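Shown next, in structure tokens, is the structure this report addresses.
Just so it is clear, the structure is predicted and the values come from calculations on it, not from any experiment. Basis for what follows: all heavy atoms, side chains included, without hydrogens, waters or symmetry-related copies.
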Amino acid sequence: NAGVIQTPRHKVTGKGQEATLWCEPISGHSAVFWYRQTIVQGLEFLTYFRNQAPIDDSGMPKERFSAQMPNQSHSTLKIQSTQPQDSAVYLCASSLDSQNTLYFGAGTRLSVL
Amino acid sequence: GEQVEQLPSILRVQEGSSASINCSYEDSASNYFPWYKQEPGENPKLIIDIRSNMERKQIQELIVLLDKKAKRFSLHITDTQPGDSAMYFCAATGTGYQNFYFGKGTSLTVIP
């Protein structure tokens, strides 16, 4: 079991460019979460899928952020027109269901210059 | 949604002493409380958890206490070692919740 796989590990974009982050959850896990981690805010919830269906995206900045889960083996987080304040570590996590242990990926460190 | 407050944000202790981190929550419907440890450059990893049918749980040097009436839970690390230095996060979730709600984290440094 390779755990939750996130790619890329590091991404540098210029202001206004688009960034797409990828997550492969643990096989068999039905719940997939995206979090954003910064020193100031800690772990901020962004969005959550269960059985590929979007359940809660209340943490997503509405205008530029979107997430999809086209199949059970991967999810993407897309940030359009990136801004310096989007710089953070984006963590994907999966669990068997919403009441079980969260397993985090190694994260993608996004730097917007 | 649930709000989880975690204190202190920074904690420094001498090696061999105990370290305590406290969290509080608002919604009495929360019934599962995991703790995660994150070492520099690593992803958060579950170290211990407690469900609402328990008041105390211990795994080796880690003790978790849950006070449902006060809506508080805490992590105690006994006989701290330098390897315990890391960021610690508490979280809460419950039946019907769609999400894990995390505290803002505690940076623990164990001084040799």
Ring centers of [X], [Y] separated by less than 6.0 Å:
X: A/F45; Y: A/W34; answer: no
X: A/F49; Y: A/F33; answer: no
X: B/F33; Y: B/Y25; answer: yes

Would you mind checking which part of [X] comes under 4.5 Å of any heavy atom in chain B, side chain (CB onward), backbone (N, CA, C, O), both or neither?
X: A/L91; result: side chain
X: A/Q37; result: side chain
X: A/V89; result: neither

With chain A, the option among B/P44, B/G105, B/G41 that has the most non-hydrogen atom pairs under 4.5 Å is B/P44
Heavy-atom count check: over 12 atoms from other residues, nucleotides or ligands less than 6.0 Å from B/E55 CD? no
All heavy atoms of B/N43 vs all of A/A106, minimum pair found to be CB-CA, 3.9 Å
If one checks every heavy atom of B/Q38 against chain A at 4.5 Å, the contacting part turns out to be side chain
